[in-house]
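Let me begin by presenting the structure, written as structure tokens, before commenting on it.
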Amino acid sequence: MLEPLCAEQKVNCIGASQEFTAALELPGNAGVIVVWISEDGLSLEWRWLGANQARDLCVHVAPSDESAATSLAWCHVKSQPVLCVGFRHGGVSLFTQEGEVIVSFLLATSPVLRIRTCPGERRGPMTQEEESFTKASERLMFLHDHGLLILVALDSLSDQESLQDIDFEVYELRGRACIADACAIPGARSLEDPFSILRGGCDSVAVVALGSQPFLSLHQRPVSSASGSNRSLMATALALGSYARLWVLRKPSDSVDCGGPVKIAGFAQTNELQVSNQIPATELPVVAKFIDSARQGEILSLAPADCGPSAMVLAVSCDTFGRVALFCMETLRCLHLWKGYRDAQVAWLGHHKFAGDEWDSTDDMPGLVIYAPRRGLLELWQLCSKGCTPKRIAASCVGSECLLLSEAGRACLLWPTGQVDRLVWPLGASTSPTSRDDDAFDSADSDVGEPSEVDPANQAATR
């Protein structure tokens with residue numbers, strides 16, 4: 001399950017949690033780039049971990065707590081890895097993998113809580129033309145404070161030398177209380193037509209929010225406002241065609257005249273980054289809820305869109321009660337529940353292979369990696385598409401100070417010694433499990449009790 005990627009290094013331990021750390025695995029077993037936000041949020045710590053060497057870099061990104069960094073995530077623009085960093089005043093900066101700033105902008109004046117990559121709809125084999133259209137429809141999701149969500153088209157950030165416009169949409173999530181995390185669902189089907197076998201298309205908007213009161217909520221534009229009226233058609237055209245002018249901060253080059261100093265968003269004033277043309281937020285009402293008044297959600301991780309032939313959009317959540325839950329995002333149905341995983345870290349593991357300069361993926365069902373730091377336990381669970389319960393196919397005792405990081409269906413485990421292990425599928429692992437694993441791994445040093453798998457239907461019957 002664990003394949004060595006980088007040997008042990010004489011480096012300082014990374015003192016950041018999973019949500020403030022991002023890892024990028026370089027192709028060709030060249031190593032891993034790990035970036036994390038410092039404890040005070042005023043700098044980014046970069047670490048390049050190669051086969052036998054390590055290199056560190058500290059990039060100062062903010063002068064004070066008012067503009068400190070609050071979130072980060074890796075994304076790909078024109079197949080090139082880019083680090084996206086959000087700040088407390090609402091600004092955003094994009095960095096190259098070498099730590100150089102590319103562009104900075106601001107779309108909302110509230111803290112950026114989460115940054116997610118929202119891939120275009122992809123289910124099953126696709127032609128080359130469909131593949132190109134899917135990549136062109138990929139978007140960056142910014143979750144701001146007070147339920148404000150912004151989707152930015154990655155394609156509008158691709159031309160860095162003549163970037164003048166950013167294509168974005170602004171939404172407001174209403175009808176719920178605290179929001180800790182959210183995921184945008186590509187091409188979601190409407191609950192008003194449960195027998196539909198067609199998805200809504202790349203222009204349909206659906207968002208699942210995690211937090212409290214309720215635990216989960218599905219926000220979707222009503223069918224009546226998404227189609228069938230002149231007003232909604234004009235609103236849709238306005239949303240798709242809204243391009244915001246902004247003052248762009250660029251990296252100096254011989255061919256580009258920046259006309260000013262290079263600034264990271266944290267060092268720029270709000271009026272310097274503010275877009276000149278603001279568009280009103282579109283309200284996304286609640287269409288479904290998963291109510292659990294006792295639980296507080298912490299993390300919501302959407303399964304990679306290019307993994308698995310399942311018709312469902314899957315995601316996994318973690319809460320303060322030590323539960324890990326598998327959900328269908330279109331119906332908010334809980335498919336499986338794991339208990340006894342406090343402070344859990346989760347990641348999705350696809351069936352990837354390296355081809356040329358890029359990673360390629362298959363259509364097999366993805367695996368779910370769960371790391372329980374209090375137990376020092378790392379598990380790999382195989383999901384199935386035939387209605388069977390998930391099956392644990394591998395487990396290992398790794399200690400309590402590791403960090404589980406993932407990016408685009410790939411996962412790696414970072415040890416406190418600086419060693420990095422890539423998570424891979426065990427040899428001979430079944431891709432279509434039909435039964436539960438009876439030989440589960442047991443941790444002798446547990447302080448929270450043994451993990452247990454709970455069928456939500458049986459759990460509801462016993463209450």
Side-chain angles (χ1 to χ4, degrees), residues 71-86 90-96 102-108 112 114-122 126 129-144 148-173 182-188 199-207 219-221 226 233-250 265 273-282 284 302 304-306 313 407-408:
S71 59
L72 78 169
W74 286 99
C75 63
H76 286 79
V77 179
K78 291 293 185 179
S79 301
Q80 296 298 320
V82 174
L83 181 69
C84 185
V85 181
V92 175
S93 288
L94 303 184
F95 295 84
T96 67
I102 302 172
V103 58
S104 297
F105 56 89
L106 184 145
L107 302 176
V112 182
R114 285 286 191 274
I115 302 176
R116 304 283 192 204
T117 300
C118 305
E121 181 188 359
R122 175 175 176 170
M126 295 170 41
E129 182 178 353
E130 292 173 334
E131 182 80 20
S132 300
F133 180 77
T134 298
K135 290 184 178 180
S137 62
E138 292 182 346
R139 292 176 286 185
L140 268 179
M141 186 206 77
F142 299 98
L143 175 64
H144 291 255
L148 194 65
L149 185 136
I150 300 178
L151 296 178
V152 178
L154 278 174
D155 193 52
S156 65
L157 300 174
S158 59
D159 190 359
Q160 300 170 3
E161 293 190 357
S162 61
L163 181 60
Q164 297 294 330
D165 310 291
I166 288 186
D167 181 9
F168 71 99
E169 303 169 23
V170 183
Y171 299 97
E172 188 174 5
L173 307 181
C183 289
I185 306 173
R199 296 187 178 272
C202 295
D203 58 342
S204 63
V205 178
V207 177
H219 302 256
Q220 196 168 22
R221 184 183 300 164
L233 288 176
M234 292 180 63
T236 303
L238 178 62
L240 294 177
S242 60
Y243 292 90
R245 291 282 178 179
L246 73 159
W247 184 62
V248 180
L249 301 165
R250 305 177 181 281
L273 299 172
Q274 184 75 41
V275 297
S276 59
N277 294 325
Q278 290 290 314
I279 61 175
T282 301
L284 291 183
L302 189 67
D306 57 351
V313 181
E407 187 263 333

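If you read the sequence from its start, that first residue is 1, and numbering goes on from there.
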Shortest non-hydrogen contact from A182 to L149?
-> CB-CD1, 4.3 Å
Results of side-chain hydrogen bond (donor to acceptor under 3.5 Å, both in side chains) for E172 - residues two or more places apart only = R174
Would you check if the side chain of S93 reaches a backbone N or O of A265 as a donor-acceptor pair within less than 3.5 Å?
-> yes
Side-chain contact test, heavy atoms from C-beta onward, threshold under 4.5 Å: evaluate it for F142 versus I115 and give yes or no.
-> yes
Could you pull out all residues at least two apart from C183 that satisfy side chain to side chain contact (heavy atoms under 4.5 Å, CB included)?
-> L300, L302
Separation of F105 CZ from L273 CG (nearest 0.5 Å) | 9.5 Å
Can you name the closest pair of heavy atoms from C75 and L154 and give their distance?
-> SG-CD2, 4.2 Å
Of all heavy-atom pairs linking F168 and V152, the shortest is CB-CG2, 3.9 Å
Single hit among L151, L148, V207, I150 for side-chain contact (heavy atoms from CB on, under 4.5 Å) with Y171 | L151
With respect to D155, which candidate in K78, R139, E138 satisfies the side-chain contact (heavy atoms from CB on, under 4.5 Å) definition?
-> K78
Using a 4.5 Å cut-off on heavy atoms from C-beta on, say whether the side chain of L107 contacts that of V92.
-> no
List in chain and number order the residues that pass side chain to side chain contact (heavy atoms under 4.5 Å, CB included) with R114, two or more places apart in sequence or in another chain; answer none if no residue qualifies.
-> E19, R116, L143, D181
Under 4.5 Å between any side-chain heavy atoms of V205 and E169, yes or no?
-> yes
OG1 of T117 to CG of L140: how many Å apart, nearest 0.5 Å?
-> 5.0 Å
